[in-house]
Amino acid sequence: QVQLVESGGGLVQAGGSLRLSCTASGRTFSSVAMGWFRQAPGKERDFVAGISGTGNTKYADFVKGRFTISRDNAKNTVYLQMNSLKPEDTAVYSCAGPLTRDYVPSSLAAWGQGTQVTVSS
């Protein structure tokens with residue numbers, strides 16, 4: 001079975017940093033686009049960042065300049081470096097893949113269980 005597992009969430013003060021990791025098993029994701037999404041209580045799920053199989057990246061406007069997505073294909077892992085965190089970044093962050101050309105999860109995408117990020121003021 002295909003499985004994605006996130007780690008790295010936690011509690012952090014505003015202005016701080018966290019690095020999230022998403023490791024895949026059951027198949028290789030090196031040639032497909034992967035991404036991070038977030039959802040706060042009572043809110044819709046939002047796209048945060050995506051990275052293509054060739055290393056091109058896409059970011060939501062609300063994180064551009066603060067977050068960086070990267071991948072290590074040898075480790076079958078995708079990262080999200082989160083800097084200058086704000087209280088409004090508080091949410092459950094999940095990884096998913098493969099994504100389509102428009103960085104939308106495909107109908108057959110796998111999802112991780114999510115990791116909680118809480119930013120205090």
Side-chain angles (χ1 to χ4, degrees):
Q1 301 283 66
V2 176
Q3 186 175 25
L4 302 177
V5 179
E6 303 98 334
S7 63
L11 304 173
V12 65
Q13 296 284 330
S17 298
L18 288 171
R19 189 183 74 160
L20 307 184
S21 299
C22 171
T23 299
S25 62
R27 65 160 287 180
T28 298
F29 285 83
S30 61
S31 64
V32 303
M34 303 290 293
W36 289 93
F37 300 78
R38 73 186 191 187
Q39 187 169 25
K43 303 292 186 179
E44 297 296 318
R45 185 181 66 206
D46 291 326
F47 168 80
V48 176
I51 184 166
S52 75
T54 56
N56 294 320
T57 58
K58 175 72 174 180
Y59 297 95
D61 288 342
F62 53 80
V63 303
K64 190 173 183 179
R66 300 188 297 123
F67 293 7
T68 303
I69 188 170
S70 62
R71 67 194 304 165
D72 185 338
N73 288 335
K75 298 180 179 180
N76 217 18
T77 298
V78 180
Y79 304 97
L80 185 67
Q81 179 67 47
M82 309 165 67
N83 298 327
S84 301
L85 283 162
K86 305 174 181 179
E88 52 262 46
D89 294 320
T90 296
V92 174
Y93 285 71
S94 302
C95 64
L99 309 184
T100 70
R101 178 176 50 195
D102 299 317
Y103 293 95
V104 176
S106 78
S107 61
L108 300 179
W111 287 84
Q113 81 287 352
T115 185
Q116 176 72 46
V117 172
T118 302
V119 184
S120 65
S121 60

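This structure is a prediction, so every number in the text was calculated from the model and none was measured.
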Note: S84 and S17 closest approach over all heavy atoms is N-OG, 4.4 Å
Quick one: do L4 and Y79 end up in the same hydrophobic cluster if we chain Ile, Leu, Val, Met, Phe, Trp and Tyr together by side-chain heavy atoms under 4.5 Å apart? no
To the nearest 0.5 angstrom, please state how far the OG atom of S121 sits from the CD atom of E88. 10.0 Å
Assigning hydrophobic clusters by single linkage (Ile, Leu, Val, Met, Phe, Trp, Tyr; side-chain heavy-atom cutoff under 4.5 Å), is V92 placed with L80? no
Do R38 and V117 make a side-chain contact, defined as non-hydrogen atoms from C-beta onward lying under 4.5 Å apart? no
Are V48 and V104 joined in one hydrophobic group, where the rule is that I, L, V, M, F, W and Y side chains link up if heavy atoms are under 4.5 Å apart? no
By the disulfide bond (SG atoms under 2.5 Å apart) test, which pairs, at least two apart or in different chains, include something from residues 29-89? none
Distance in Å, M34 CE paired with N73 CG, rounded so as to fall on 0.5 Å steps: 10.0 Å
Quick check: do L20 and E6 have side-chain heavy atoms less than 4.5 Å from each other? no
Locate the shortest heavy-atom distance separating A14 from P87; write the atom from each residue and the value. CB-CD, 4.1 Å
Any side-chain to backbone donor/acceptor pair from T28 onto S30? Under 3.5 Å, distance only. no
Residue pair V119 / M82, side-chain heavy-atom distance below 4.5 Å: no
Is the ring pair W111/F37 parallel, tilted or perpendicular, if the boundaries are 30 and 60 degrees? tilted
Could you give the distance from OG (S7) to CD (Q113), rounded to the nearest 0.5 Å? 8.5 Å
The reported gap from OG1 in T77 to CZ in R71 (rounded to nearest 0.5 angstrom) is 10.0 Å
For side-chain contact (heavy atoms from CB on, under 4.5 Å), just list the numbers for Q3 and T23, CA-CA rounded to whole Å, side-chain angles, deciding distance to a tenth of an Å, and then say yes or no. CA-CA 8 Å; Q3 186 175 25; T23 299; over 6 Å; no
Check whether L99 and I69 end up in the same hydrophobic cluster, where Ile, Leu, Val, Met, Phe, Trp and Tyr are linked by side-chain heavy atoms less than 4.5 Å apart. no
Same cluster or not: are Y93 and F62 linked, directly or through other Ile, Leu, Val, Met, Phe, Trp or Tyr residues, by side-chain heavy atoms under 4.5 angstrom apart? yes
Determine whether a donor-acceptor pair (N or O, by modelled atom type, separation under 3.5 Å) exists between the side chain of N76 and the backbone of R27. yes
Minimal non-hydrogen separation, P98 against A109, with atom names: O-CB, 3.6 Å
Could you walk me through whether Y103 and I51 pass side-chain contact (heavy atoms from CB on, under 4.5 Å), step by step? CA-CA 8 Å; Y103 293 95; I51 184 166; 5.8 Å; no
Would you say that Q116 contacts L11 through its side chain, given a criterion of any heavy-atom pair below 4.5 Å between the two side chains? no
If you round to the nearest 0.5 Å, how far is CZ of F47 from CH2 of W36? 12.5 Å
State, with a plain yes or no, whether a side-chain heavy atom of V78 is found less than 4.5 Å away from one of C95. no
